[in-house]
Amino acid sequence: MAKAREIALLFATLFLFWGMLNGSLAQDVLGVGLVAALVIAVLFRDGLAVLSEFRATPRAFFAAARYLPYFLKELVKSNLALAAIVLAPDLPVNPGIVKVRTRLKSRMGRLLLANSITLTPGTLTVELDGEWLYIHWVTVESTDIEAATASIVAGFERYLEVMYG
Amino acid sequence: MAHPLDLLGGLLLVAGAAFLLFGGLGLVRMPDVFNRIQAGTKATTLGTLLSLAGMACLRPEWGLKLLLIGLFILFTNPISSQVLARAAHRTGAEKTVKTSVDRLAEDTGEAP
């Protein structure tokens, strides 16, 4: 049953987090964590957890392993680009809000995509509307939907598509 | 000669502080709310992550908790920025005159 699986996944994630934060295997600590994680998992069963909708296939794990370094590289690039802009005396910005489209269908995939876009060079997700994302871009390179999609979305979508679909 | 991990930790802390400084500079210099959010989000995320990594080098026994804090920041920082930006746009926050295009305003039928 899908619902039970969601609850179990959320519970496992929360309990693991609790254990790692406490760093203790004492009975009372584990007991409190067990109850708290269970209550939260049941109350928020319709919410999203990191692992909900994750396709647990070898390909998905492989994609996740390649997604992380790619994401970190983009994060560093984005900060260097930002530093260059704020340090330049003439503040070279050409901002605008462009529209892009994603092929991702799952909620978690779209959430991670929107998050990733926000943390990468010069782009900030402003609004999500189904398959459409509105992106604030510090230096607009193209207002065309296809071209903007290719340069903002495609890099992450490649991996997220395999991980979440 | 200092322990190499201490040296690396110190360098990471300085790098993190530098990015946080650029972020602060961006908050002051950027022309409108959306650009400021951009500067704030990116710099605080990487700046904090680098600081946490630096701390992890100086205090390896805290590593696991610092990693968890980093994960929290990675997930929550962009979400809060997105919500701020959306709220700003919905309430019609002023955009800089340099703004070249606003597809969102076009699609929701507001005056650009």
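A, B, ... follow the sequence lines: proteins, then strands. Residue 1 opens every chain.
Taking A:Val76, A:Leu72, A:Val86 one by one and counting their heavy-atom pairs under 4.5 Å with chain B, the maximum is reached by A:Val86. Contact count against chain A (heavy-atom pairs under 4.5 Å) is highest for B:Ile79 among B:Leu25, B:Thr41, B:Ile79, B:Leu84. If you tally non-hydrogen atom pairs under 4.5 Å between each of A:Ser116, A:Ala83, A:Gly122 and chain B, the highest count goes to A:Gly122.
With a threshold of 4.5 angstrom between heavy atoms, B:Phe19 approaches chain A through side-chain atoms but not through N, CA, C or O. The contact between A:Ala88 and chain B is made entirely by backbone atoms, counting heavy-atom distances below 4.5 Å. Residue A:Leu82 touches chain B through its side chain alone, counting heavy-atom pairs closer than 4.5 Å. Looking at B:Leu49, the atoms closer than 4.5 Å to chain A (heavy atoms on both sides) all sit in the side chain, from C-beta outward. Using a 4.5 Å cut-off between heavy atoms, A:Trp137 touches chain B through its backbone atoms (N, CA, C, O) alone. If you measure heavy-atom distances from A:Ile135 to chain B, you find no contacts under 4.5 Å at all.
In this structure, A:Phe17 has its ring center closer than 6.0 angstrom to the ring center of B:Phe72.
A donor atom on one side chain and an acceptor atom on the other are found under 3.5 Å apart for A:His136 and B:Gln38. In this model, a donor atom of one side chain and an acceptor atom of the other lie less than 3.5 Å apart for B:Asn77 and B:Thr45.
Counting only residues at least two apart or on different chains, the salt bridge (Lys or Arg N to Asp or Glu O under 4.0 Å) pairs with a member in residues 68-77 of chain A are A:Glu74-A:Lys77.
A single hydrophobic cluster is seen to contain both B:Leu68 and A:Leu16, as judged by linkage of ILVMFWY side chains at heavy-atom distances under 4.5 Å, directly or through other members.
B:Pro78 pairs with exactly one of A:Asn115, A:Leu124, A:Thr125 by the side-chain contact (heavy atoms from CB on, under 4.5 Å) rule, that one being A:Asn115.
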**Report entry** From CA spacing to verdict: salt bridge (Lys or Arg N to Asp or Glu O under 4.0 Å), A:Glu131, A:Arg110
**Finding:** CA-CA 8 Å; A:Glu131 58 177 356; A:Arg110 283 179 178 167; 5.5 Å; no

Query raised in the report: How far apart are the C-alpha atoms of A:Phe156 and A:Tyr70, what are their side-chain angles, what is the distance that settles it, and do they pass the ring pair (Phe, Tyr, Trp, His ring centres under 6.0 Å) test?
Result: CA-CA 8 Å; A:Phe156 292 111; A:Tyr70 177 75; 5.4 Å; yes

Report task. Begin with the C-alpha distance, continue with both residues' side-chain angles, and end with the deciding distance and a verdict on side chain to side chain contact (heavy atoms under 4.5 Å, CB included) for A:Tyr134 and B:Arg86. Result -> CA-CA 10 Å; A:Tyr134 295 88; B:Arg86 182 167 71 174; over 6 Å; no

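Within residues 26-43 of chain A, no residue has a heavy atom under 4.5 Å from a heavy atom of chain B.
Note that A:Arg66 lies outside the cation-pi zone of A:Phe61, set by a 6.0 Å cut-off to the ring centre and a 45° limit from the axis.
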